Each structure stands twice: as structure tokens, then as C-alpha cells.
Amino acid sequence: VVDWTTLMACYARNDLPRESLRLFHAMEGDGLVRPDEVTMVSLFNACAQLGDASTGARGHAYMVKTGLPFTATASNSSMYMYAKCGMMEDARRMLREMTHPNVVSWTTILAGVSKWEGLRNGRQVFDEMPEKNEFAWTVMIAAYVESGFLKEAMSLLAEMMFFSGDFGFVTLNHVTLCSMLSACSVSGDVNMGRWIHSHVVKTEALAKGDGRIMVGTALVDMYAKCGRIDTARVMFNEMPERNVVTWNAMLSGLAMHGRGRAMLKLFSQMDVEAQPDDVTFVAVLSGCSHSGLVGEGQQLFAALGLNYGIVPTIEHYACMVDLLGRAGRMEEAEALVREMPIRPN
RNA sequence: UCGACAACAUUACU
């Protein structure tokens, strides 16, 4: 059972929840080993990722029926599954039934309530939590940011410093940095973005730490979306390490700014460092459209499946229809809609 | 220490 569970957890870590579930069913069919409460954690995890509440609920029922122990972790992960699926009544019921809810339990509820029942209710959970750690503060701050309350998020940050007794230098974690930067991106608040950037520099968040690529990417995106495409490019060039998301953010930025040629040049340099993915092609195709690079866009669209092994999605077709339509080639655009192998929406 | 749980960056048209 440990082997099966290890493998299931592996799949979950690599964003393959379907495989994880498949393994669970194979394990049941095998009949020689019985899932235990740790196995169920992986099952709940996979269900949460897929939003598959019915399989998740069946897992929950299975635990009750077979008398598997509801350890804190098992309860938490089933709560997490319900919360991810928007079934907050079930999640809350799990919490009530727990004999010793811990800070993870509360944070799971906090995240779920903030998402499905609004900020006010989330704040109420936050205030009622018997114990708060950095995760809890981060969830609450991110919820404010998500709802567009940047100023309130900032004051919560100040409060966090107060409670931690650290008035001067708090090192914000990469989650807080990313969520605040993306709020700057959507609101176009370059001043707040710069302030966060200076914090990143001061705390050397780009040089070390878990999410350094994520923070760098969020900065590139923030500068690009705030109209500072050249600053974004400097950030991008100076990053010591990048991944496909970083490249996508930079390419999208150039695309949005109508820098089609520069975008294509950058794209041609990409594959030495990162493998282009489906998002990359949405970015470059829309960039071609905005810069009137019809032929180039068509070539890329052809290469997407042939040279990169990517299955074109409806988004890619939408870009192509836009590319042709924007160039005034209405007949071809309409023909593409009619002939595309995916059902047009 | 290691079979398990919570927050997080890029994605079309307008």
C-alpha cells in the first residue's frame, strides 16, 4: 500500500491527477492491498485538482464505512477537496467534526470561505482562528489583493509585522509578492509595483528562495502590463534563471505592445532555455495578429503541431481567426471557422 | 528527515 500511495502522490505532485485516480482504481481492482488513510489523502488531492467532488465524496464515505482513522491530515485533505469544489457546507461540517483542528484545517477553511463566500466572511474566519501562521496571513492578504483591495492588503501586511514583532524588516514570501504584483498588473499601479520591486531588491528575493522565478516573472509581467515594456525586458534579461512561464510573460508583453518583430526574434531564441507550450503560442499568434504579421502567424500555427508537438486548442484557432479577420481576409477567416476540427464556440 | 494536508507568476476578442 505504501508503494501504491507513493506513486499516487508522485502523480499528484506532477499535476497528473487523472493518473493518480487511475492508479487508485487499479489498486482497488487489484484487490490485494487495501487503501489506508494516507492513500485517501492522495485521492482527495487528485479529486481537488480535478474538481471531482463525487469521487471525493465516495472516498470520504469509504473511509467512514471501513473505519479508517480520520487523522488531522486525512480530515484536512478531504476538507480541502470539498473546499476546492465549492462545497463549503461539507467542508465546514468536516471542521466541526474534527476533534483537534489545526492551523492547516483553519487555513483550508479560510481559503475556501474567502473564495466562495466573500471577503467579509473570510475575514471573520481569519479573526476567529485560534492560531495563525505565515500561511494564514498570506491567504488573507492574497484574498484582499484578489478582490482589488490593495490598500487593505497593505495594512494587513503592516498588522502582520506588528504581530510578529518585526517593525522594520519583514521578508515577504514569494506568494505575497506574486499576488501583490499581479494586482499591480491588473490595476496598472506601477508605483506600488516599483515599491514591491524595491522590497524584492532589498530582501534579495530574486537571488535566493523558493519562488525566485515566480517573483521575477511577476515583475516582468507587472512592468509589461503597466506600460513599461523596456523595463520589463531589462528585468527579463537580468534574471539569472527563467522558465517557460517567464518567457511567455515576456512574449505576451511584447505582443500586447505591438512589438511583433521583437517578439518573433525573442521567440526564436527561446528553445535553448525553455520548451514552448500552448500558452506560448497563444501569445505569439496574438502578437502576430496585432502587428499584422499574417504569414508569420500562419507559419507558426503550422509549426505548432508539426515541430512542437502541441495539440492546437480552440484558443489557437481563435487567434488565427483574429489574425485573418484583422488583416481583412474575411473569407479565409470564415473558412477556418467552418473547417476547424474543434467545435467553434 | 522523507508514502500524506493549506496560500502563489504567463494565456484570445472587446
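Residue numbering restarts at 1 for every chain, and letters A, B, ... go by the order of the sequence lines. This structure is a prediction, so every number in the text was calculated from the model and none was measured.
Between the NE2 atom of A:His290 and the C1' atom of B:U14 there is a distance of 10 Å, given to the nearest Å. The distance between atom NE2 of A:His197 and atom P of B:A9, rounded to the nearest whole Å, is 19 Å. The separation between A:Phe236 atom CZ and B:U10 atom P is 16 Å, rounded to whole Å. When rounded to the nearest whole Å, the span between CG of A:Asn133 and C1' of B:A6 equals 9 Å. Atom pair A:Tyr317:OH and B:U11:P shows a separation of 23 Å (rounding to whole Å applied). Look at CG on A:Leu68: it is 13 Å from C1' on B:A4, rounded to the nearest Å. Between the CD1 atom of A:Ile109 and the P atom of B:A6 there is a distance of 14 Å, given to the nearest Å. Taking atom NZ on A:Lys225 and atom C1' on B:A9, their separation rounds to 9 Å, with Å as the unit.
Across all strands, A:Lys84 comes closer than 4.0 Å only to sugar-phosphate atoms, never to a base (heavy-atom distances). Residue A:Tyr80 is classed as a sugar-phosphate contact, given heavy-atom separations below 4.0 Å to backbone atoms only. Across all strands shown, A:Ser78 has no heavy atoms under 4.0 Å from either base or sugar-phosphate atoms. Contact annotation for A:Val282: backbone-only contact, meaning every heavy-atom pair under 4.0 Å involves sugar-phosphate atoms and none involves a base. If you check every strand for non-hydrogen atoms under 4.0 Å, A:Asn45 touches sugar and phosphate atoms only. Looking at heavy-atom distances under 4.0 Å, A:Ser75 makes no contact with the nucleic acid at all. Within 4.0 Å (heavy atoms only), A:Ser179 reaches no atom of the nucleic acid at all. Residue contacts for A:Ser42: at a heavy-atom cut-off of 4.0 Å it reaches no nucleic acid atom on any strand shown. Counting non-hydrogen atoms under 4.0 angstrom, A:Val139 reaches the backbone sugars and phosphates but no base. No engagement by A:Asn345 is indicated, since no non-hydrogen atom pair under 4.0 Å with the nucleic acid exists. Within 4.0 Å of A:Thr107, counting heavy atoms only, lies at least one base atom of the nucleic acid.
Under 4.0 Å is where a charged nitrogen must lie from a carboxylate oxygen, and between A:Arg123 and A:Glu152 no such pair does. With salt bridges taken as basic N to acidic carboxylate O contacts below 4.0 Å, one links A:Arg259 and A:Asp230. Under 4.0 Å is where a charged nitrogen must lie from a carboxylate oxygen, and between A:Arg338 and A:Glu334 at least one such pair does.
Distance from the side chain of A:Thr138 is smallest for B:A7 among the nucleotides B:U11, B:A4, B:A7. Which of B:A6, B:C13, B:G3 sits closest to the side chain of A:Phe135 comes down to B:A6. In this structure, the nucleotide among B:U11, B:G3, B:A9 sitting nearest to the side chain of A:Val245 is B:A9. Relative to the side chain of A:Ala218, the nucleotides B:A7, B:U10, B:A9 differ in distance, and B:A9 lies closest. In the set B:A4, B:C13, B:U10, B:A4 carries the atom at the smallest distance from any side-chain atom of A:Thr71. In this structure, the nucleotide among B:A6, B:G3, B:C8 sitting nearest to the side chain of A:Ala111 is B:A6. Considering only side-chain atoms of A:Ala9, the nucleotide from B:A7, B:A9, B:A4 that sits closest is B:A4.
A:Glu146 CD: 12 or fewer foreign heavy atoms inside a 6.0 Å radius.
Checked against the 6.0 Å centroid criterion, the rings of A:Phe44 and A:Tyr82 do not qualify as a close aromatic pair. Centroid-to-centroid, the aromatic rings of A:Phe301 and A:Tyr317 come within less than 6.0 Å.
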Verdict with supporting geometry, A:Phe267 and A:Trp247, side chain to side chain contact (heavy atoms under 4.5 Å, CB included): CA-CA 8 Å; A:Phe267 174 75; A:Trp247 282 85; over 6 Å; no

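Between the base of B:G3 and the side chain of A:Thr5 there is a donor-acceptor pair shorter than 3.5 Å. With hydrogens and angles ignored, no donor-acceptor pair closer than 3.5 Å exists between the side chain of A:Asp3 and the base of B:G3.
Between B:G3 and A:Arg13, no contact under 4.0 Å exists linking OP1 or OP2 to a side-chain N or O.
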